[in-house]
Amino acid sequence: MLYIVSVDFDEALGCIVLKLYDSSTDTITYHYDTNFAPYFLSEKKFPLEGIVKQELVDRYDALNDTNIKVWQTIVNHQNVIMGLNKKITYEKEKGNIFPYIVWENYIKYSQSYIYDNDIKIGMPYVREKGVLMLNIDHEAETRVKELVKLVNPDESRKILCAEIAKLLEYPAPEFKRISLDIEVLNDGEIMPNPESATMPIIAVCMQSNTGERFAFALIQGDKPFSCYDNATKVQFFSSERDLILAIFEFSKNYPFIITFNGDEFDLPYLATRAARLDIPSSKIPITIQNRITLWKDAVHIDLYKFFVIKSMQTYAFQQKYKNVDLDTISKALIEEGKYHGEHEWVGDMSYEELLTYCMKDAELTLRLTSYNNSLVMNLILVLSRLSYMPIEYVSRKPISQWIRSMIYYEHRKQNVIIPRSEDIILLKGQTTTQALIKGKKYKGATVIDPIAGFHFKTLVGDFASLYPSIMKNYNLGYATVNCPHSECKNNKFANMPHWICRKNKAIEGRLIGTLKDLRVVWYKKRGKDKTEPRKEWYSVAEQSIKVICNAAYGVFASDDFALYCPPVSEYITGIGRFIISQTIAKAQSFGLNVLYGDTDSIFIKDPPQEKLDELMAWAMNEFNIDFELDKHYRYICLSSRKKNYLGVLENGDVDVKGLTAKKKHTPKIFKDVFSETKKLLAEIQKPEDVPAKRAEILKLVKTTYSKLKQRKWKSNEDLAFHVTLSKRLEDYDKTEPQHVKAAKYLLSKGYNVGQGLEVSYIKTMGKERVKPTNLTKTEEVDIKKYIEFLKSAFNQILEPLGIDWDGDILGVCQLSRFCNMDPKDLNSA
DNA sequence: GCGGACTGCTTACCT
DNA sequence: ACAGGTAAGCAGTCCGCG
């Protein structure tokens, strides 16, 4: 079977080339297509060098709801269009308007090819008489039919639903792959630079998912020989050139090359080094593009680029890792970190230690693609299918580009002209609501003021995929918001000034709505069902849809999105606010005790079942959105702060949301006490248990308090704050925050400090107030600040528990007499 | 000259 | 480099204080 993994324009051959993965031989093969040429559309014909053909074609203009005739200009090379774009930009910069209206001139040539030829990236094909054809999988087709019946989309979405389902139901191969990691000699201070590549590569390790482990080392002068045997092949080279050639040779057996940061380091370093050592460029299988590095005759996946995608971090990996580096991610996902041996710098390591270190990196990199039934590889594959983007691109590009690509595909499919961003903005760029946050474009979600306290038997109901559901139910998209029809102008909802089209269906609402339906009706259940043989795959599909759906609302308000149209997002949140407030009002009219709510959720205290059922039925009926019971807390501990609570589920699991103790910058000493506190809280079963645990928690906090007072902590590390330097040092021109101060101090002492660094610092006495952790002496610590922090962090829990800091912790009793509550009162309300 | 009230900046979180 | 809303701490400013 052949799986299309990428599509590109081959400069040398002058044609489109499809990269195929042959699952029967585990190799990469190619398919060439000379029958496609780049084109763009324009209102009028105009002269241009390189035109092959110009003809009038029909398109539908969704923005203006008209059928139009436009000129399609086919040219002999994509450079012609790039030249045209340059001219347009140039004119714009000079303040002139380009005299012709041009469409679809910014679409990447290979993507245009994919859309127009309906190329299903990541799907199985067969080649018959030189023609590629989708290989029909009858089992998958049967499931698709069953699924469409179950999802039951309206007539106009049936085909779309089946099409997407196919992408998710068709079989996936287990890609043969090998990871690669290199070590470069350095003096321990400066990171080796791949552009100059002055230092030699001293080790390269590779590990494949077929069980091979290759370890290659360069013999370094008179370093004493030591053996490394944890590999299927170990080889020592006296010539670095031979080592590199061997790597290139070995890689030929692997269609997928996996690295961690290979785009920016390993691959360009290998390439530059190879060139320096006079390896002819024809023998170097590495192509360095703009911040992307590809491997010829293979697919290079840089896991760093994939894991750094914010939406992946949040929705597919549930924030399990907070920093993007190999050590953090592998610890979070496969519970094993990098190798830490005797020496810190590779130059000081023995051959054995060096190869152990290097191999561990290769091993972790490979395992990140293989754990959990190749979850990561499958995610990349499914996202490629859904977005119609090559694997090499989808794994590197931000989510807005995936969504753009999906929407473009639908446009081409339906013969709709892809609108120019400037036209969308001109016609419907205006928002009308006022954001609560200064500088934001429009009003967002509602957050209900929580009722502080300990609340037993609290249920959380929420609207499943609220925003995607709104997009679908209210027919939202750039073309349908404030459409050109006067007869639609009264079609308004939720007191929003915008109206929505009644006559036409929005492409975006249909697409996102269908994805959402598939997830809710089919994939969500099956991804969790232990009896389902395809469970893991379904869970991948479910997560992929979730990632896309969750971002779909936001991209329309992101000004670099190609279909930027903020009223779409504004309308979604507007209806969202309406829905949640109506539902709360309804709940209260039923006599239900609503404790809290955020965006799409409602926390209800101990509701009678029948009232709850009634509310859910009402919501479902009123809004046609699944309102489901999400969580069942044994009790919830709400402080008066929004987005800030702790809940204990029936099974004793503890949900912590937004509390300071959970934040990554918080010093370990507080995290440790908090995790003890959590254990105590998890033991509370009934209201009667509260007083005893309350006393224990009180003791814990008091102990920490006196530990600080007496300066009795294990290590200064425990007091360190960890704050990310999110900008370059010189870009903090408004204020100088503490972590920046600490970073500058480090810099002055010769440390390497740059954007993205997590600065570790301690609050100290004296004018500077902070010092880098490693340069702080114990006696410099400003305990007062730490006690303040302890107070503030724990008040989030202590306050609902009825513990008063000044009275109960410090034992200064004046105030406590007035706010000392009887424990019984805590549990009433 | 110093401290409280205030605003704005920054980070990390929630949905 | 999907959005807005919230918490928290600190930096910096203004103002009043005889």
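Naming: A, B, ... by sequence-line order, numbering from 1 per chain.
- If you check every strand for non-hydrogen atoms under 4.0 Å, A:I437 touches a base.
- If you measure from atom NE2 of A:H739 to atom C1' of B:dC9, you get 10 Å, rounded to the nearest angstrom.
- Among the atoms of the strands shown, only primed sugar atoms or phosphate atoms (P, OP1, OP2) are found under 4.0 Å from some heavy atom of A:S400.
- Atom-to-atom, NZ of A:K322 to C1' of B:dC14 comes out at 12 Å; the value is rounded to the nearest Å.
- Counting non-hydrogen atoms under 4.0 angstrom, A:Q796 reaches the backbone sugars and phosphates but no base.
- Evaluation of atom-type donor-acceptor distances gives a pair under 3.5 Å for the side chain of A:K643 against the base of B:dC14.
- Closest to the side chain of A:T735, out of C:dA11, B:dT11, C:dG9, is C:dA11.
- Among the atoms of the strands shown, only primed sugar atoms or phosphate atoms (P, OP1, OP2) are found under 4.0 Å from some heavy atom of A:K657.
- As a whole-Å value, the separation of A:N290 CG from C:dA1 C1' is 15 Å.
- A:Y467 comes within 4.0 angstrom of nothing in the nucleic acid, heavy atoms only.
- Taking for each of A:A551 and A:G444 the nucleotide of DNA chain C with the nearest heavy atom, the 5'-most of the two is the partner of A:A551.
- Under 4.0 angstrom from either OP1 or OP2 of C:dT6 there lies at least one side-chain N or O belonging to A:K642.
- Within 4.0 Å (heavy atoms only), A:Y442 reaches sugar-phosphate atoms of the nucleic acid but no base atom.
- In this structure, CZ of A:R769 is placed 15 Å from P of C:dG9, rounded to the nearest angstrom.
- Residue-level contact check: A:T724 touches the backbone only, with heavy atoms under 4.0 Å from sugar-phosphate atoms and none from bases.
- Considering A:T583, A:N473, A:V520, A:D600 as possible partners of A:I625, the one that fulfils the side chain to side chain contact (heavy atoms under 4.5 Å, CB included) test is A:N473.
- Remark: P of B:dC9 and NZ of A:K438 are 8 Å apart, rounded to the nearest angstrom.
- Using a 4.0 Å heavy-atom criterion, one finds that A:S792 contacts the sugar-phosphate atoms exclusively.
- Remark: A:E570 does not engage A:K443 in a salt bridge, criterion side-chain N to carboxylate O under 4.0 Å.
- Distance NZ (A:K664) to P (B:dC13): 6 Å, rounded to an integer number of Å.
- A:Y645 comes within contact range of the sugar-phosphate backbone alone, with a heavy-atom separation under 4.0 Å but no base atom that close.
- Side-chain contact between A:W402 and A:Y388 is absent, with no heavy atoms from C-beta onward closer than 4.5 Å.
- At the heavy-atom level, A:T446 lies nowhere under 4.0 Å from the strands shown.
- Under 4.0 angstrom from either OP1 or OP2 of C:dC10 there lies at least one side-chain N or O belonging to A:K785.
- Contacts of A:K763 with the nucleic acid, taken as non-hydrogen atoms under 4.0 Å apart, involve only primed sugar atoms and P, OP1 or OP2.
- Side chain of A:T431 to main chain of A:K441: a donor-acceptor pair is present (N/O by atom type, distance under 3.5 Å, no hydrogens or angles).
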